[in-house]
Amino acid sequence: MFLPIRRQILPGFHLCLGFTLAYLSLLVLIPFFALGLRTFSDGLTPFWVAISDPRALASYKNSFGIALLAGGFDGIIGLIIAWVLTRYSFPGRRALDAIIDLPFALPTAVAGIALAALYSPQGWIGRLLPFKVAYTPLGIFLALAFVGLPFVVRTIQPVLAQLPVELEEAAACLGANRFLIFIKVLLPAVLPAFLTGITLAFGRAVGEYGSVIFIAGNIAYFTEITPLLIVMKLEQFEYVAAASLGFFMLLTSFVILFLVQILQTWNARRSGGPA
Amino acid sequence: MSSLALTSRTPNHDPKLVAYTLTALAISAVGIFLVLPLVAVFAEAFSKGPAVYFGTFRDPVTQNAIWLTLQVAVVAVPLNTIFGLAAAWTVTRFTFPGRRFLISLIELPLWVSPVIGGLLYTLIFGLQGWLGPWLDERDIHIIFAYPGLVLATIFVTFPFVTRVLIPLMESLGQAEEEAAVTLGARGWQVFWRITLPRIKLGLFYGVILCNARAMGEFGAVSVVSGHIRNRTNTIPLQIEILHSEYQFAHAFALASLLSMLGILTLLLKVYLEKQSTRRTASPAPPERLRHRDPAVPTT
Amino acid sequence: MSIRVQNISKVFERFPALNGVTLEVKQGDLLALLGPSGSGKTTLLRIIAGLEFPHSNDGKVFFEDREVTWSSAYERRAGFVFQHYALFNHMTIAENIAFGLRVRPRKTRPPEAEIQKKIKDLLAMVQLPGLEHRFPTQLSGGQRQRIALARALAVEPKILLLDEPFGALDAKVRKELRKWLREFHNQTGLTTIFVTHDQDEAFELADHIVILHEGKIQQAGTPHEILSRPANRFVAEFLDLPFPS
């Protein structure tokens with residue numbers, strides 16, 4: 001093993017590490033390996049054909065493009081919410097704080113049918129709007145923004161809360177007005193957390209399935225997301241195509257995770273918090 | 001106006017207008033985006049009256065879905081709890097090469113589409129998968145059967161207990177466990193007598209969260225389920241079927257069940273956070289600081 | 001029991017915490033490890049306790065003539081008092097003190113009556129009688145410190161190791177506890193090592209002092225020896241003594 005033979009102070013190192021690695025190997029590593037093997041079982045060509053298929057390309061526009069837009073939207077709304085939660089006290093602040101985690105606790109299928117009920121043309125909100133939301137890319141956007149919001153708020157909130165008041169006071173003493181303080185002092189301080197939050201929301205949105213398929217309408221080339229395409233390929237027993245798309249999505253998840261790691265290190269250095 | 005005074009917690013007050021606007025914006029955003037969908041679930045569930053609502057749970061197919069969901073959770077959650085404890089202990093109590101990588105690996109399912117979770121096991125155990133033909137000859141069914149549901153659920157929910165425990169155990173530090181060892185406690189004694197009592201509330205929350213996610217899991221389970229009525233239909237899949245059959249009131253009634261589980265999880269989190277801030281707010285000296293040589297980064 | 005430390009080195013993430021440290025503590029001695037923060041004193045104490053292990057096989061730790069370099073803390077049974085006490089907050093004071101006895105295998109575990117007697121005796125010894133049923137969070141810092149000591153003593157260790165024993169206390173309590181610890185040591189005669197960054201504490205309390213800096217021993221000796229003849233410029237500056245250049 002790559003582990004140096006070294007005495008550990010507390011008991012259970014080998015047992016716990018062994019169990020953890022075995023569990024992860026059986027559930028994650030070996031299946032990942034199997035996925036890779038299946039993807040490239042007939043060489044690179046089928047993989048390339050599957051992931052560059054026009055229908056797949058159209059689905060990326062939803063799963064990646066709209067996910068990015070939703071992440072950006074969450075970033076702005078999340079920054080405002082985090083600001084309000086850490087800077088002002090008002091009746092119901094604690095309740096507001098607690099509700100932020102709702103998308104995290106609500107099953108995706110439940111969120112999906114609830115959003116569909118609200119935004120369908122006959123729905124509570126959909127009825128009031130002059131344009132269609134459900135069964136259009138806008139519906140996908142809504143669902144993805146819903147699942148991603150807590151990630152932004154929960155990443156920015158601790159950074160804002162830990163910002164020393166002296167920072168703003170010093171700037172104010174130096175004659176900066178509130179707006180300048182925000183732009184020059186606060187924004188740079190929360191920027192890493194802000195970007196981390198957006199990336200997390202984006203990463204979560206890319207793979208989202210349950211909440212989207214109820215509101216998207218799932219029209220090929222229009223409102224079809226990549227995970228749904230994988231499900232369909234599997235149902236048609238096109239295993240290689242399904243594996244290829246899955247492998248491709250997995251790769252992008254790795255890239256996003258890697259990006260998050262870099263951003264978190266940056267964030268830690270900026271705010272002095274743990275990485 | 002004065003009853004709703006926004007008192008800024010910093011000496012630098014934002015202009016009143018800005019403060020009010022931002023607060024209004026935040027409240028309405030949360031209201032429209034997060035609260036309204038939840039309200040919609042219950043409103044739709046009761047839209048045809050309580051008789052229809054409760055009728056949902058008398059349908060044998062629905063009852064079967066609830067029963068199956070419980071059967072899946074009762075295997076997946078305990079296994080993930082044991083994993084969560086072992087992984088959190090490994091990662092927070094020891095330093096070893098590859099520790100950061102291991103943490104990332106544990107978190108991976110959170111960032112991978114749940115559909116991929118289902119895909120992975122279909123590629124291995126499905127009829128055209130690696131082991132499919134071999135299993136089929138022996139009449140063992142994993143995909144489109146109960147074991148597949150359990151596997152997919154475990155895959156999606158195994159990070160949750162660990163994710164709750166890692167920050168908790170980091171912040172508690174390991175001095176108490178070290179003290180126990182110097183006093184002569186051995187392996188399991190340290191765990192049962194020191195660690196477990198100290199983390200039990202956090203562990204409880206982790207298990208409840210894991211359970212809520214396990215019972216509500218949709219994407220991964222839907223891939224491996226095959227949607228066989230009375231056989232492989234869990235609650236979320238049954239919600240989908242009811243919804244697609246335009247039995248909206250029934251679909252939402254069933255959804256309200258999972259929503260209540262979610263709300264319970266949220267309330268529990270609020271309660272536990274209150275507990276922990278009360279504990280840290282006590283005037284006691286910071287005895288939970290983790291021992292580390294100043295030169296060693298704590299990450 | 002005497003303690004001998006031979007050529008111990010320890011590296012944290014490429015930063016040397018201890019660099020070839022050798023020292024000897026005689027039976028019944030009260031020794032202070034003195035140095036600024038980051039000097040490696042706590043690391044050395046933890047290596048003696050078995051809560052940390054040296055970097056290579058060159059270094060050795062002996063209790064009497066028995067080598068314990070790679071023995072676990074469990075095997076060494078050194079009484080260790082942690083800087084922030086590390087009391088078990090979910091247990092009463094009595095349960096805390098009895099912990100080391102109750103975790104013993106049944107064969108060597110004393111009967112319950114004996115454990116109860118021991119709790120009483122130890123609480124009397126640390127001058128906190130009657131606190132059995134309180135919880136650690138209900139006590140003051142100075143009281144917790146003494147409970148931590150009682151808990152360490154319950155298993156009858158042959159050596160006692162104290163990590164910044166008064167570090168988290170205010171000045172008045174520090175002074176009182178210092179005096180009390182000296183008397184306590186005179187009574188028990190336990191070989192004791194304590195870590196401190198406070199020179200007054202070291203010089204007032206210890207029989208011998210070891211001054212550490214950047215993982216190396218700068219000087220070792222009795223308080224008198226060190227004060228009258230600082231070994232190098234660092235020691236002189238650290239103790240604010242004149243150093244003949």
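Letters A, B, ... are given to chains in the order of the sequence lines, protein chains preceding strands, and every chain is numbered from 1.
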Counting the benzene-type ring for Trp, do A:F13 and B:F96 have ring centres under 6.0 Å apart? yes
Per-residue contact mode, A:I100 against chain B (heavy atom under 4.5 angstrom): both
In terms of heavy-atom proximity below 4.5 Å to chain A, should B:S222 be classed as side chain, backbone, both, or neither? side chain
At a heavy-atom separation under 4.5 Å, does B:E177 approach chain A through its side chain, its backbone, both, or neither? both
Could you check whether any side-chain heavy atom of B:V91 comes within less than 4.5 Å of a side-chain heavy atom of B:M169, counting everything from C-beta outward? no
With a 4.5 angstrom heavy-atom cut-off, is it the side chain or the backbone of B:F158 that approaches chain A, or both, or neither? side chain
Greatest number of non-hydrogen atom pairs under 4.5 angstrom with chain B, of A:I81, A:L118, A:L37, A:I77, falls to A:L118
Can you tell which part of B:L237 gets under 4.5 Å to a heavy atom of chain A, answering side chain, backbone, both or neither? neither
Residue from B:L108, B:L120, B:V221 passing side-chain contact (heavy atoms from CB on, under 4.5 Å) with B:F155: B:L120
Measuring heavy-atom distances to chain A, does B:L127 have an atom under 4.5 Å in its side chain, in its backbone, in both, or in neither? backbone
Run the ring-centre check on A:F146 versus A:F141 and record whether the distance is less than 6.0 Å. no
Residues A:W83 and A:Y88: side-chain donor-acceptor under 3.5 angstrom: yes
When the 4.5 angstrom heavy-atom criterion is applied to A:L250 and chain B, the contacting part is both
Less than 4.5 Å to any heavy atom of chain A: does that hold for the side chain of B:L110, its backbone, both, or neither? backbone
Contact part of B:I239 toward chain A, heavy-atom cut-off under 4.5 Å: side chain, backbone, both or neither? side chain
Worked check of salt bridge (Lys or Arg N to Asp or Glu O under 4.0 Å) between A:D97 and A:R154: CA-CA 10 Å; A:D97 193 20; A:R154 293 300 183 228; 2.9 Å; yes
When the 4.5 angstrom heavy-atom criterion is applied to A:A111 and chain B, the contacting part is neither
Residue among A:L35, A:I30, A:V206, A:L142 with most heavy-atom pairs under 4.5 Å to chain B: A:L35
The interface call for A:F32 against chain B, heavy-atom contacts under 4.5 Å, is both
Heaviest contributor of heavy-atom pairs below 4.5 Å to chain B, chosen from A:P150, A:G207, A:S253, A:A82, is A:G207
With only heavy atoms counted, which part of B:Y121 is less than 4.5 Å from chain A, the side chain, the backbone, both or neither? side chain
Could you tell me which portion of B:F125 (side chain, backbone, both or neither) has an atom closer than 4.5 angstrom to a non-hydrogen atom of chain A? neither
Between B:E217 and B:R213 (salt bridge meaning N to carboxylate O under 4.0 Å), is one present in this structure? no
side-chain contact (heavy atoms from CB on, under 4.5 Å) partner of A:L200, chosen from A:L257, A:I256, A:V260: A:V260
Which of A:G210, A:G203, A:A34, A:G18 touches chain B most, by non-hydrogen pairs under 4.5 Å: A:A34
Can you say whether B:V223 sits under 4.5 Å from chain A via the side chain, the backbone, both, or neither, judging by heavy atoms? side chain
Note: A:S63 and A:I225 closest approach over all heavy atoms is OG-CB, 3.4 Å
Need one label for A:F254: side chain, backbone, both or neither, based on atoms under 4.5 Å from any heavy atom in chain B. side chain
Could you tell me which portion of B:L258 (side chain, backbone, both or neither) has an atom closer than 4.5 angstrom to a non-hydrogen atom of chain A? both
Proximity breakdown for B:I116 and chain A, heavy-atom pairs closer than 4.5 Å: side chain
Check: B:Q174 and B:F94 side chains under 4.5 Å, non-hydrogen atoms: no
Does the pair A:D74/A:R204 count as a salt bridge with the N-to-O cut at 4.0 Å? no
What part of A:L10 is in contact with chain B, defined as an atom under 4.5 angstrom from a non-hydrogen atom: side chain, backbone, both or neither? both
Check each atom of B:A29 against the heavy atoms of chain A and say whether the ones under 4.5 Å are side chain, backbone, both or neither. side chain
Examine whether an atom of B:W89 lies under 4.5 Å from a heavy atom of chain A, and if so say whether it belongs to the side chain, the backbone or both; otherwise answer neither. side chain
Do any N or O atoms from the side chain of B:Q189 and from the backbone of B:R186 form a donor-acceptor pair under 3.5 angstrom? yes
Please state whether the side chain, the backbone, both or neither of A:I113 comes within less than 4.5 Å of a heavy atom of chain B. both
A:F258, A:F151, A:F202 screened by ring pair (Phe, Tyr, Trp, His ring centres under 6.0 Å) with B:W111, the one that passes: A:F151
